[in-house]
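When reading the values below, keep in mind they use all heavy atoms of this one structure, side chains included, and skip hydrogens, waters and symmetry mates. Quick note on labels: first sequence line is chain A, next is B, and so on, each numbered from 1.
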There are 2 protein chains.
Amino acid sequence: MNQTNNFYLCSGLYLKAYKMAKKPKIETNRSTEEKIKEAARRVFTQKGYAATRTRDIAEESGINLALLNYYFRSKEKLFDIIMLETLQGFISGIKVMLNDESTSLEKKIEAIANKYIDLITAQPDLPLFILSELRANPDRLPANMGLKDFLVKSCIVKQIREASKDPGVNPLHFIMNIISLTVFPFVGRPIFQNLANLKKSDFDLLMEQRRKLIPKWVKAMLK
Amino acid sequence: MNQTNNFYLCSGLYLKAYKMAKKPKIETNRSTEEKIKEAARRVFTQKGYAATRTRDIAEESGINLALLNYYFRSKEKLFDIIMLETLQGFISGIKVMLNDESTSLEKKIEAIANKYIDLITAQPDLPLFILSELRANPDRLPANMGLKDFLVKSCIVKQIREASKDPGVNPLHFIMNIISLTVFPFVGRPIFQNLANLKKSDFDLLMEQRRKLIPKWVKAMLK
DNA sequence: GTCTATAACCTGATAGAC
DNA sequence: GTCTATCAGGTTATAGAC
């Protein structure tokens with residue numbers, strides 16, 4: 001028995017050494033690690049942390065359950081990685097956009113609407129996933145992203161202050177309005193689609209129209 | 001063994017008959033049934049179906065775990081009852097409001113904003129709960145509520161058509177806008193509050209302001 | 001109706017062969 | 001690195017005493 005173990009162990013090491021000689025950077029695992037992460041992204045964003053079973057992720061990625069723990073140690077650690085990357089994808093770019101001194105307010109609004117309509121059309125479950133999991137564990141946000149206190153002194157708030165007819169209205173209202181008008185229709189999609197008896201293509205068309213409409217609406221609100 | 005079973009069965013029936021003679025309507029259970037439902041409402045809306053354990057509900061309602069199954073047979077059956085009631089609370093009233101021929105469009109918008117700001121201020125977890133669980137099981141909505149196809153021929157859509165400067169814009173956009181502007185700030189609360197470094201009282205004040213602002217904004221969008 | 005105890009099942013994680 | 005088998009712990013639901 002021990003002899004058998006020894007034999008396979010040695011053969012395994014020999015194989016590994018051989019591969020490493022061929023390819024200095026071990027690429028065999030990179031691929032499966034990425035496969036697991038992609039599957040985890042899909043399943044977690046669709047079902048949420050609690051409803052997701054590690055078995056679902058394993059099955060979805062076509063690998064074995066044990067491998068998941070081999071690469072990521074635990075369900076929670078894997079989730080944290082996915083969550084962090086998702087949040088970064090959601091926030092990255094937007095911060096520089098909002099602080100860009102060279103673009104007008106209207107262009108900024110258009111850019112925000114376009115970015116999020118693109119992002120959420122590609123991954124419809126994203127906003128509800130982030131919002132739900134953030135509520136379940138509100139501490140996850142602040143540590144990671146450096147957005148605390150960022151908005152108050154941002155360029156866009158300055159531009160809103162200048163554009164707003166009524167200085168008594170907090171500029172944050174308009175930030176909330178832009179995000180609400182862009183994101184919420186996707187979040188409430190099951191209700192809206194049912195409410196107005198829309199096909200998928202009808203709904204998608206409406207969302208496309210909003211790329212142009214939202215900047216126009218926000219402009220009107222400011223007056 | 002059979003004899004023992006028989007004995008308890010008979011004794012149980014006798015007891016029940018006795019109680020019914022004393023009190024025509026059995027009130028002993030009504031109270032605990034309601035206690036369980038209230039606890040279930042709290043826990044389900046806060047943690048969602050998957051993350052909720054029946055033990056949490058039992059503990060929260062101060063009763064025994066077995067009683068939950070005695071009254072509601074299963075976690076899922078209890079959940080369905082809670083979900084149905086929650087949806088009805090969210091939709092009831094609004095349908096008649098939207099079809100009221102005697103109120104102006106602006107008054108309708110004000111009424112919607114007020115109703116939902118009241119409702120969600122009292123139960124902040126409600127919208128995310130509904131939206132999340134609806135996504136997890138989209139079939140839950142259509143069967144229950146009679147809102148399929150309701151909107152298209154509603155009074156408010158007619159009023160929006162009249163008020164809108166641009167007849168090319170689907171009235172549904174404005175319905176989505178009203179709901180988005182009202183509900184989404186609450187849903188995105190953890191992000192917005194963090195983004196602008198707001199205290200709870202600051203945020204609540206902003207939401208109060210929106211009661212008046214939203215009707216004004218929507219009016220401006222229509223022009 | 002309400003409780004305690006437990007059955008039956010499921011899920012995350014690991015041990016160990018290969 | 002990857003698999004199979006299995007453990008340990010937790011969860012829903014029920015049986016049975018009172």
Side-chain angles (χ1 to χ4, degrees), chain A residues 1-20 22-23 25-36 40 43-44 47-59 61-80, chain B residues 1-20 22-23 25-36 40 43-44 47-59 61-80:
Chain A
M1 189 71 119
N2 270 338
Q3 250 184 344
T4 319
N5 280 348
N6 236 355
F7 168 72
Y8 282 110
L9 183 66
C10 290
S11 122
L13 281 173
Y14 172 76
L15 221 77
K16 193 174 174 182
Y18 172 78
K19 280 187 181 170
M20 284 182 73
K22 281 287 209 184
K23 293 184 188 178
K25 288 194 180 173
I26 315 151
E27 276 303 314
T28 28
N29 56 347
R30 259 269 154 261
S31 139
T32 51
E33 187 176 333
E34 207 45 52
K35 261 198 291 184
I36 296 172
V43 182
F44 274 140
K47 315 218 285 185
Y49 179 80
T52 295
R53 299 171 309 156
T54 49
R55 281 168 168 78
D56 298 333
I57 299 174
E59 199 182 336
S61 53
I63 56 95
N64 189 273
L65 172 59
L67 269 189
L68 191 150
N69 290 290
Y70 175 78
Y71 279 105
F72 298 97
R73 282 191 53 94
S74 77
K75 177 187 178 185
E76 201 179 351
K77 288 219 168 50
L78 174 55
F79 178 84
D80 285 342
Chain B
M1 188 75 115
N2 270 338
Q3 250 184 345
T4 321
N5 280 348
N6 237 356
F7 167 73
Y8 281 111
L9 184 65
C10 289
S11 121
L13 282 173
Y14 172 77
L15 222 76
K16 194 173 176 183
Y18 172 80
K19 279 189 181 169
M20 284 181 76
K22 279 287 212 185
K23 294 186 188 179
K25 289 194 179 172
I26 314 150
E27 275 304 315
T28 27
N29 56 347
R30 259 272 155 260
S31 140
T32 51
E33 188 177 332
E34 208 46 53
K35 261 197 292 184
I36 296 172
V43 182
F44 275 139
K47 315 217 287 184
Y49 179 81
T52 295
R53 300 171 309 157
T54 50
R55 282 169 166 77
D56 297 335
I57 298 174
E59 200 181 336
S61 54
I63 56 96
N64 189 274
L65 172 58
L67 270 188
L68 190 151
N69 290 290
Y70 174 81
Y71 280 105
F72 298 97
R73 280 192 55 92
S74 77
K75 177 186 176 183
E76 201 180 352
K77 288 218 169 50
L78 174 55
F79 178 83
D80 285 342

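Checked against dC3(C), dA13(D), dA13(C), the side chain of Leu65(A) finds its nearest nucleotide in dA13(C). When each of dT4(C), dA13(D), dT6(D) is scored by its nearest atom to the side-chain atoms of Arg55(A), the top-ranked nucleotide is dT6(D). Listed nucleotides: dA13(C), dG1(D), dC3(D). Nearest to the side chain of Tyr70(A): dG1(D). In the set dC3(D), dT4(C), dA13(C), the nucleotide with an atom closest to the side chain of Ala66(B) is dT4(C). Distances were taken from every side-chain heavy atom of Leu67(B) (C-beta onward) to each of dC3(C), dT14(C), dT2(D); the shortest belongs to dC3(C). Of all nucleotides listed (dT4(D), dA13(D), dT14(D)), dT4(D) comes nearest to the side chain of Asn64(A).
We find that CZ of Arg73(B) is positioned 11 Å from P of dA15(D), with the value rounded to whole Å. In this structure, CG of Asn69(B) is placed 15 Å from P of dT4(C), rounded to the nearest angstrom. In this structure, the CD1 atom of Ile63(A) is 13 Å from the P atom of dA13(C), given to the nearest Å. One interatomic measurement links the two molecules: CG of Leu68(A) to P of dG1(D), which rounds to 15 Å at whole-angstrom precision. The distance between atom CD of Glu33(A) and atom C1' of dG1(D), rounded to the nearest whole Å, is 12 Å. In this entry the distance linking CZ of Phe72(B) with P of dT2(C) reads 12 Å, nearest Å. Spacing between atom CD of Glu76(A) and atom P of dA13(C) amounts to 9 Å, rounded to whole angstrom units. Atom CD in Glu59(A) sits about 18 Å away from atom C1' in dT2(D), given to the nearest Å.
The aromatic rings of Phe79(B) and Tyr49(B) sit perpendicular to each other, their planes meeting at more than 60°, with 30° as the lower class boundary.
For the pair Tyr71(B) and dT2(C), the criterion of a side-chain N or O lying under 4.0 Å from OP1 or OP2 is met. Using a 4.0 Å cut-off, some side-chain N or O of Thr54(A) falls inside it from OP1 or OP2 of dG12(C). Residue Thr32(A) places no side-chain N or O under 4.0 Å from the OP1 or OP2 atom of dG1(D).
Donor-acceptor pairing under 3.5 Å, judged by distance alone, is absent between the side chain of Arg53(A) and the base of dG12(C).
What you find for Ile36(B) and Ser61(B) is that their closest heavy atoms are CA-CB, 4.0 Å. The two residues Lys75(B) and Thr52(B) come nearest to each other via the heavy atoms NZ-O, 2.8 Å.
Looking at Leu78(B) and Phe44(B), their side chains come closer than 4.5 Å, going by heavy atoms from C-beta outward.
One finds no salt bridge joining Asp80(A) and Lys77(A) here, because no Lys/Arg side-chain nitrogen approaches an Asp/Glu carboxylate oxygen to under 4.0 Å.
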